[in-house]
2 protein chains.
Amino acid sequence: MNTRGENGSIISQTGEYALRAIVFLAMDPGIAYTTLQISVATKVPGAYLSKVMQALVRAGLVQSQRGFGGGFLLTRSPDSIALLEVLDAVDPIPRIRSCPLGLESHGINLCALHKKLDDATATIETVFRETTIGDLLVRPTQSIPLCNASQQ
Amino acid sequence: MNTRGENGSIISQTGEYALRAIVFLAMDPGIAYTTLQISVATKVPGAYLSKVMQALVRAGLVQSQRGFGGGFLLTRSPDSIALLEVLDAVDPIPRIRSCPLGLESHGINLCALHKKLDDATATIETVFRETTIGDLLVRPTQSIPLCNASQQ
DNA sequence: GGTATACTGGATATAAAGGTCCAGATATCC
DNA sequence: GGATATCTGGACCTTTATATCCAGTATACC
């Protein structure tokens, strides 16, 4: 019913865009990049990226600077930014907090289903909480990752 | 950018509907239930559930019977149906198979990002592959789960 | 101060997911 | 064989996520 032709990820397209932008900025901490520069490098539609960056600024993850020489800049060290924070800034991972069916007449087994679904959600939430942007950066001293192998 | 007010799950709304229906049918294997009955019990919009059931029939998970006394029926034992099969029937979990940016000029760090995202996806895919509908059913011999506690 | 650069925020457009409706096809019962 | 029950499939509507556009504002340079 849903082809998911474009997105192709468990997180929203917007969430992915936000992560791409933050990772890109993290590659040169201290240097400001414009929306256009980030857009080209990360292949995110410029006009939409503009909205995404605004959300990241509001969340305090990124600092903006207008005018000539302006652009966007991380406010913190990449090692201190969890992937989850970035996702939360634009599109939080939805947890199942109450039974979607209501309590009255719902079967106990459907309850077990939602427990399982939320457990799975909690698992990836934990992964994203414990992984930082810094973890994704390839340092010069480290070996080159299997980039070609895992993509082609 | 996305409130996700309704769905509230890491899988699509449609995927959740499909799971609810299958779990419901699994509670009484061998008995046919109509769209209306399933709809009421699982609180899935009837007209839409009709579409979801069609997909489950096409996938071979469910058998349909028209006319008086008809309805839907599981084709297999609940213990042999993985959650992943149900999701695949309506809305497969999207894996990241190739770099969303293309290879040429993309940063190696964005590659690491997608690797991480796909790893997380693979994790929940595995959970859903190894959990069966039967696992969600509460047998009479088992104790009552913490249904009220985890929902209200 | 004028000009060019760049973010901000609101309005609007497009695409996809979710949802409805109904005529048609089968099946059962009497 | 008529009446009723039920799934099927196509057309259509609604809502949400994604994406675009542009006027406004702040900043830097000369």
Side-chain angles (χ1 to χ4, degrees), chain A residues 1-18 20-21 25 31-40 42-59 61-73 75 87 90-94 100, chain B residues 1-18 20-21 25 31-40 42-59 61-73 75 87 90-94 100:
Chain A
M1 334 288 272
N2 167 10
T3 55
R4 265 197 252 224
E6 281 315 304
N7 183 1
S9 174
I10 204 171
I11 62 175
S12 72
Q13 185 77 55
T14 304
E16 232 235 64
Y17 288 168
R20 285 193 209 172
L25 290 179
I31 298 187
Y33 286 97
T34 68
T35 302
L36 182 61
Q37 289 173 316
I38 303 172
S39 165
V40 169
T42 60
K43 296 199 178 170
V44 174
Y48 193 61
L49 176 63
S50 165
K51 299 296 181 192
V52 174
M53 297 311 295
Q54 282 181 44
L56 295 175
V57 169
R58 269 182 242 115
L61 291 171
V62 154
Q63 185 177 353
S64 68
Q65 176 68 19
R66 294 204 242 202
F68 193 96
F72 298 94
L73 202 63
T75 55
L87 295 177
V90 293
D91 205 356
I93 292 176
Chain B
M1 333 286 273
N2 170 9
T3 55
R4 265 197 252 225
E6 282 315 305
N7 184 0
S9 173
I10 204 171
I11 63 174
S12 71
Q13 185 78 58
T14 304
E16 231 233 65
Y17 287 168
R20 284 193 209 172
L25 291 180
I31 297 187
Y33 286 97
T34 68
T35 303
L36 182 60
Q37 289 173 317
I38 304 172
S39 165
V40 169
T42 62
K43 296 199 180 171
V44 175
Y48 193 61
L49 176 63
S50 165
K51 300 298 181 192
V52 174
M53 296 312 294
Q54 282 181 45
L56 295 175
V57 169
R58 269 183 243 113
L61 291 170
V62 153
Q63 187 178 351
S64 68
Q65 175 69 17
R66 294 203 243 201
F68 193 97
F72 298 93
L73 202 62
T75 56
L87 295 177
V90 294
D91 205 356
I93 293 176

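Naming: A, B, ... by sequence-line order, numbering from 1 per chain.
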Checklist entry - Expressed in angstrom and rounded to an integer, what is the separation of B:M1 atom CE from D:dT16 atom P? => result 16 Å

Checklist entry - Atom CG of A:L73 to atom P of C:dC7: distance rounded to whole Å? => result 12 Å

Checklist entry - Of the non-hydrogen atoms in A:T75 and A:V62, which two are nearest, and what is the gap between them? => result CG2-C, 3.6 Å

Checklist entry - With a 4.5 Å limit on heavy-atom distance, are the side chains of B:T42 and B:Y17 in contact? => result no

Checklist outcome for this item: Between A:G70 and A:T34, the two heavy atoms sitting closest are O-CG2, 3.7 Å

Item to check | Side-chain N,O (B:Q54) to OP1/OP2 (D:dC7) below 4.0 Å | outcome: no

Quiz: residues 50-59 of chain A side-chain donor-acceptor pairs under 3.5 angstrom, not counting sequence neighbours:
from	atom 1	to	atom 2	distance (Å)
A:Q54	OE1	A:R58	NH2	3.4

Checklist entry - For B:D91 and C:dG19, what is the distance between atoms CG and P respectively, to the nearest whole Å? => result 12 Å

Checklist entry - A:R58 side chain: which of D:dC7, C:dG9, D:dG9 is closest? => result C:dG9

Item to check | side-chain N/O A:T34 vs C:dA6 OP1/OP2, d < 4.0 Å | outcome: no

Distances under 3.5 Å between protein N/O atoms and the N/O atoms of nucleotides 10-12 of chain D, please, pair by pair.
from	atom 1	to	atom 2	distance (Å)
D:dG10	N7	B:K51	NZ	3.1
D:dG10	O6	B:K51	NZ	2.5

Item to check | Value in whole Å for how far the P atom of D:dT6 lies from CG of B:L36 | outcome: 9 Å

Checklist entry - Rounded to whole angstrom units, what separation is found between the CZ atom of A:F72 and the C1' atom of C:dA6? => result 8 Å

Checklist entry - Looking at residues at least two apart in the chain, or sitting in another chain, which of them share a side chain to side chain contact (heavy atoms under 4.5 Å, CB included) with B:Q65? => result none

Checklist outcome for this item: Hits for side chain to side chain contact (heavy atoms under 4.5 Å, CB included) against B:S39, two or more places apart or cross-chain, chain-then-number order -> B:L49

Next on the checklist: Is the shortest side-chain heavy-atom distance between A:L25 and A:I38 below 4.5 Å?
Outcome noted: yes

Checklist entry - Any side-chain N or O of B:Y17 under 4.0 Å from OP1/OP2 of C:dG18? => result no

Item to check | Protein proximity profile, nucleotides 22-30 of chain D - base contact B, sugar-phosphate-only contact S, no contact -, cut-off 4.0 Å on heavy atoms | outcome: --BBBBSS-

Checklist outcome for this item: Assert: residue with more 5' nearest nucleotide on DNA chain D, out of A:A47 and B:G71, is B:G71

Next on the checklist: Assess the residue pair B:D91 and B:T14 against the criterion (side-chain hydrogen bond (donor to acceptor under 3.5 Å, both in side chains)); give the C-alpha distance rounded to whole Å, side-chain angles, the decisive distance to 0.1 Å, and a yes or no.
Outcome noted: CA-CA 7 Å; B:D91 205 356; B:T14 304; 5.0 Å; no

Item to check | Between D:dT8 (P) and B:L56 (CG): distance, integer Å | outcome: 11 Å

Checklist entry - Under 4.0 Å between a side-chain N or O of B:S64 and OP1 or OP2 of D:dC7? => result no

Item to check | Euclidean distance, atom NZ of residue B:K43 to atom P of C:dG18 [Å, nearest integer] | outcome: 20 Å

Checklist entry - Rounded to the Å, how far apart are A:Y48 OH and C:dT12 C1'? => result 15 Å

Checklist entry - Just by distance, do the side chain of A:S64 and the backbone of A:F72 share a donor-acceptor pair under 3.5 Å? => result no

